[in-house]
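Naming convention: chains lettered A, B, ... in sequence-line order (proteins, then strands); numbering from 1 in each chain.
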Amino acid sequence: MLENEYYPQKTEKKWVEFWDKNKTYKTYDDSDKPKYYALSMFPYPSGKLHMGHVRNYTITDVIARFKRAMGYNVLHPMGWDSFGMPAENAAIQHGANPKKWTLDNIEYMKKQLKMLGLSVDWDREVATCKEDYYKWTQKLFIELFKKGLAYKKEAPVNWCEKCATVLANEQVIDGKCWRCDSEVTKKNLSQWFLKITDYAEVLLDDLDKLKGWGDNVKTMQANWIGKSYGTILKFKVKEIEGLEIPVFTTRPDTAYGITYLVVAPEYKDIEKLTTKENLEAVHNYRENAKKMSEIERQSTERIKTGVPLGTHIINPFTGRVCPIWAADYALADYGTGAVMAVPAHDSRDFDFATKYNLPIIQVIDGEGYDPNKVFEDPGVLVNSGEFTGIDNETAKKKITEYAEKMGFGHSKVQYRLRDWLISRQRYWGAPIPVVYCEKCGVQPVREEDLPIQLPTDVDFSVQGKSPITTSKTFQNAVCPICGAPAVRETDTMDTFICSSWYYLRYADAKNDKKPFCKELVNKWLPVDQYVGGIEHAILHLLYSRFFTKALRDIGLLDFDEPFKNLLTQGMVLKDGSKMSKSKGNTVDPDEIFANYGADTARLFIISDSPPARDFDWSDAGVEGCYKYLCRVYRLYSKFQDKIKLEYNLPETVDKKAEDLIREVHLSISKITSDIENEFQFNTVVSKYRELTNAIYDYIKDEETINYDVLSFALVTLLKLISPVAVFMSEEIYQTLGGVGSIHEQKWPVADMTKTKQNNILLIVQVNGKIRDKIETTAGQTNDELTKLAMNSEKTKQFMDGKTVVKTIVVPDKIVNIVVK
RNA sequence: GCCCUGGUGGUGAAAUCGGUAGACACGUUGGACUUAAAAUCCAAUGAGGCUAAUACCCUCGUGCCGGUUCAAGUCCGGCCCAGGGCACCA
């Protein structure tokens, strides 16, 4: 029996157990149905769910349930991005064991996710920190290493003092650490990199294939990859025979205006290029640049500084001798680390030349040219020898061609993207599976020795080095080639490596022979719908695309993009700003579950705003959704003895039954298309409410209710609402005597022949302005409708004394009379 | 500076192809039920004008200016504002 009022607290837990016991959401690999892979970005097990999680997983879950009802074999898995700093910080601060801390959090959050009512196949759960997962992360690293895509080199790298580790470029946001927000400095270290730059071109080109991704994300990735077309020009050094400095420029058309050359302070040949008199000054400048934080160094506000090296280059176009300077506005790791300076046509060079009194030579002329200002607009070449008079776009090509012919240059495509620095001097990550042998050099460990397990005899309180290095045994290894004693690598991998392939593991989560079997990943992938936060627009999404392409080239899979459709959901706000602990405006999902039930939370979080937009949480909104669910529940409670799951719609029905039947079919149609069209759940919820209102209208006069018609409406509503109100719909379905689960039922199909209206409201316009609305029968001819409009008294007064020029008719909708 | 996304009532937002702007809610106001409250149900709710009237009717109204069209929230051109991304990338 359904009770008089709805008490989610009493029922929800029961259904979690019911679905667990019956394996309602288990996914089988062998099925005749078409596959559908719905995936949420997996959470970091921080301890408790927040509303951002609730929104993310609810959206994906509703999609998964809808697709299941539509007849798809749906893969909807969940896991844990469970390596990373917070576990280690807990160890440092409270002496916790990172593993236990993490696994406890997972246990708690898993319970919460079940309470949220997710239709996840938990048999495929993965946790990146578990040995049965990171064993395969290590294996994939070795594959990349063998393919030449993982390498070690010494380079200036981003260093976060607070986290005591290096960071990838993508993890430095505005010169600060992405995790702890403290300032990042450069350090020269020997580190492991993945050669993502080998894939720059294809990562950029394939963005075009991703029709199901938003332009915002694609643009962010394109900007990050940063392709630019330019020219390499090589300059002979006057003082040193045989030494050349190549530069990269996107403005070869300004080559006649070069007045000096700049190398980055870290430039490899800088000492060779410095005369004895200048050595000390250059050395000091260089040391100073090293100490500077990235924020300071990259600030465009800062007044540019530099020191002359004392040597010169010869401009091959003009023969002009130009001094070489070291200045930190040149970046060591972009292009060649050296730039040609054309102060007349580059604002940075202009600032620098003005400060140090270097000559400024105009070589482009155009509208608005002012000798006292920099001129960066297009124009026509002047002072440029045989190229004078040519427009600058053409000149770019001609000058490059000339340089190529003369042997001192060539065109070049340059990317902004840098290789991915993956070493971390931290404990809680997957150890990089290599050893260093004095004789054989860097060697990956043998596959049968995987996983290289994290040591447990470590001291987390050490400072300035990784806790792993305090293990007494970890570093002692044997060379896999010669068997001699070797030293084990103590760095762990960036956790973004672990999350770059987890979506593949779900396809074959239990495999203990390899990361995944090719057949199964090819079957399930690519992910049909990926849902997650915009904050991963570059980091995780770019890395994952790279991984997929690299693994395809290694031969482990056969597709080249992992995520076919991407939905970046908006943030959950409260009182207009992002929920955060520091602002104290968070809402605890547990409390909402306890007070209103998970169905209320699910319904509320998908209503009001479309998924991609930010969503403002309000207590009144929650209350409103709870009341709506109660209103729905009361319908079933009131008529529970009359509702038939198997009903027979009568051949002929009265007008009000006909209206209700029409509304049901319209609702099915609208809800289905709104879900299919970009998951517009907010309008789906509106339609639930409209249908509910229509049913309430129908039952007003109890005498005239046809219970087959009512059953049709109520059973259909139950199915339509079941992906959202997962608990309540199951409770009602089971009470009505349903077999199996409501969540195994087919999605209703709209009969569009039943949605036709007999009566329409004809809008009559004069010169485009509405003058009358006439109720009339549908399906009349244009002439009939025009006549009707012309005869309207209201319309006539607006046509008085004027001639009708023409009339436009939109059948069953509008007649517009144009008068003069 | 470059790029992306958005701008509609008091609020969240709807509006297939250009065809009734404001669906559905929240909030507010009034009413019914009740000893009372809660819950529930009903009604009104863009702005301004006309009016005895909350009736009828009229005017205006989707960031701003202009254009195309019988008709523009929707299409075109030019701006403004907000949010986000990138940025000493040569």
Side-chain angles (χ1 to χ4, degrees), chain A residues 5 173-174 214-228 230-231 247-251 254 262 264 297-302 304 327-331 333-342 345-349 351-352 376 414-418 534-535 537-538 568 570-571 607-610 612-625 627-628 630-631 634 670 673-674 677 680 682-693 696 700 761-773 794 797 805-810 813-819:
Chain A
E5 289 301 321
I173 316 285
D174 291 333
D215 283 342
N216 52 346
V217 179
K218 286 195 273 190
T219 312
M220 279 191 225
Q221 291 214 355
N223 286 345
W224 188 261
I225 295 166
K227 183 177 187 175
S228 47
T231 304
V247 305
F248 173 75
T249 179
T250 54
R251 293 298 303 274
T254 61
V262 179
R297 173 145 179 195
Q298 286 185 8
S299 166
T300 48
E301 306 296 308
R302 204 174 113 238
K304 295 184 175 36
D328 61 11
Y329 81 88
L331 305 173
D333 53 358
Y334 182 76
T336 63
V339 285
M340 62 182 221
V342 185
H345 304 292
D346 181 287
S347 60
R348 296 153 300 184
D349 299 342
D351 292 347
F352 193 80
E376 294 177 305
Q414 180 69 42
Y415 296 94
R416 211 192 68 107
L417 183 71
R418 315 290 152 88
I534 186 77
E535 66 273 18
I538 295 170
T568 47
M571 287 184 298
S607 60
D608 281 352
S609 289
R613 229 180 287 180
D614 286 349
F615 175 84
D616 208 356
W617 184 276
S618 77
D619 297 336
V622 181
E623 194 75 37
C625 285
K627 283 182 187 171
Y628 169 71
C630 293
R631 183 170 147 86
R634 278 198 301 273
K670 169 83 175 148
S673 64
D674 279 358
N677 178 27
Q680 296 175 50
N682 52 329
T683 52
V684 168
V685 174
S686 297
K687 204 67 208 174
Y688 289 156
R689 289 177 183 269
E690 283 182 74
L691 179 56
T692 308
N693 291 345
Y696 266 97
K700 250 181 206 159
L761 194 63
L762 182 72
I763 305 300
V764 182
Q765 299 179 327
V766 178
N767 286 348
K769 291 203 165 158
I770 295 157
R771 297 304 180 188
D772 201 2
K773 300 174 183 184
K794 285 179 190 165
Q797 48 181 316
V805 182
K806 62 171 164 176
T807 56
I808 285 128
V809 180
V810 182
K813 249 186 192 166
I814 284 172
V815 175
N816 188 11
I817 305 162
V818 186
V819 296

Item checked: Side chain proximity check, A:T807 to A:I817, heavy atoms < 4.5 angstrom -> yes
Next item on the list: Report the residues that fulfil side-chain hydrogen bond (donor to acceptor under 3.5 Å, both in side chains) with A:D674, sequence neighbours left out, ordered by chain and then residue number.
Entry: A:K670, A:T683
Notebook entry, point to check: How is A:V339 classified with respect to the nucleic acid when contacts are heavy atoms under 4.0 Å: base, sugar-phosphate, or nothing?
Noted result: base
Next item on the list: Do nucleotides 18-30 of chain B as a string where each nucleotide becomes B, S or -: B if the base has a protein heavy atom under 4.0 Å, S if just the sugar-phosphate does, - if no protein is that close.
Entry: -BBS-BBSS----
Note to self: Need one value for A:Q680: base, sugar-phosphate or nothing, where a base atom within 4.0 Å counts as base even if backbone is also close, heavy atoms only.
What the structure shows: sugar-phosphate
Checklist line | Short side-chain N/O contact from A:R416 to OP1 or OP2 of B:C86, under 4.0 Å | finding: no
Next item on the list: Decide, for B:C17, between syn and anti: a glycosidic angle within 90° of 0 counts as syn, anything else as anti.
Entry: syn
Notebook entry, point to check: With sequence neighbours left out, what residues match A:A264 under side-chain contact (heavy atoms from CB on, under 4.5 Å)?
Noted result: A:E266, A:A330, A:A332
Notebook entry, point to check: Reckon A:K769 has a side-chain N or O less than 4.0 Å from the OP1 or OP2 of B:C60?
Noted result: yes
Tabulated below should be each protein N or O lying under 3.5 Å from an N or O of nucleotides 4-10 of chain B; please produce it.
unit_1 : atom_1 : unit_2 : atom_2 : d
B:C4   : O2'    : A:N216 : N      : 3.4

Next item on the list: Anything below 3.5 Å on both distances counts as a pair; with that, list the stems of at least three consecutive Watson-Crick or G-U pairs involving RNA chain B.
Entry: B:1-7 with B:80-86, B:10-12 with B:24-26, B:27-32 with B:40-45, B:46-49 with B:57-60, B:63-67 with B:75-79
Next item on the list: Describe the nucleic acid contact of A:S228 in one word from base, sugar-phosphate, nothing, applying a heavy-atom distance below 4.0 Å.
Entry: sugar-phosphate
Hey, can you pull the donor-acceptor pairs under 3.5 Å for the side chains in residues 613-625 of chain A, sequence neighbours left out?
unit_1 : atom_1 : unit_2 : atom_2 : d
A:D614 : OD1    : A:M571 : N      : 2.8
A:D616 : OD1    : A:D575 : N      : 3.3
A:S618 : OG     : A:G621 : N      : 2.9
A:E623 : OE1    : A:Y596 : OH     : 2.8

Checklist line | Ionic contact status for A:D333 with A:R418, cut-off 4.0 Å | finding: yes
Check: Of all the choices, B:C57, B:C88, B:A90, which nucleotide is nearest to the side chain of A:K794 once you look at every atom?
Finding: B:C57
Margin query: For a quick check of understanding: with a heavy-atom distance under 4.0 Å over all strands, which category does A:R418 fall into, base, sugar-phosphate or nothing?
Written below: base
